[in-house]
Amino acid sequence: MPTDEALDFQTLALVRLAAAIAGLRCADDKSRLAAVLNVAASVEQANRAFDAAGGYAAEALAIAQAIGDANESVVAHATIARLAVAQAG
């Protein structure tokens, strides 16, 4: 069971991640946004927040495909596949 301190750190990390995503959206930096959304998806998957992870991964995939970023597209596809496996098992 996580300690209160660990939960506070995790909450702070998620707040900072959300702020980074918002900043990238404001800056219209699609390349970095796709990468950060993929990281967010992995973090949320690790936290077993599968709906949030799926949302981040789907958005990362859409952005990566729109800008032609094959690397982030592959990462997003892999995350979506891992999510499907995790949810099935």
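Residue numbers count from 1 along this sequence.
Taking all atoms of both residues into account, the shortest heavy-atom contact from Ser42 to Arg82 is OG-NH2, 3.4 Å. Closest approach of Ala34 to Ala60, counting heavy atoms only: O-CB, 3.6 Å.
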Q.
Test side-chain contact (heavy atoms from CB on, under 4.5 Å) on Glu44 and Leu14; report intermediate values, then the result.
A. CA-CA 9 Å; Glu44 292 292 23; Leu14 290 173; 3.9 Å; yes
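Chaining together hydrophobic side chains whose heavy atoms lie under 4.5 Å apart places Leu83 alongside Phe50.
Between the CG atom of Asn47 and the CD atom of Gln10 there is a distance of 4.0 Å, given to the nearest 0.5 Å. Note that CD1 of Ile80 is 15.0 Å distant from OH of Tyr56, once rounded to the nearest 0.5 Å.
Partners of Glu59 by side-chain hydrogen bond (donor to acceptor under 3.5 Å, both in side chains), not counting sequence neighbours, listed by chain and number: Arg25. Listed by chain and residue number, Lys30 satisfy the salt bridge (charged side-chain N to carboxylate O under 4.0 Å, His left out) test with Asp28 (two or more places apart in sequence, or in another chain).
For the side-chain contact (heavy atoms from CB on, under 4.5 Å) criterion with Ile63, the lone passing option out of Asp69, Asn38, Leu33 is Leu33.
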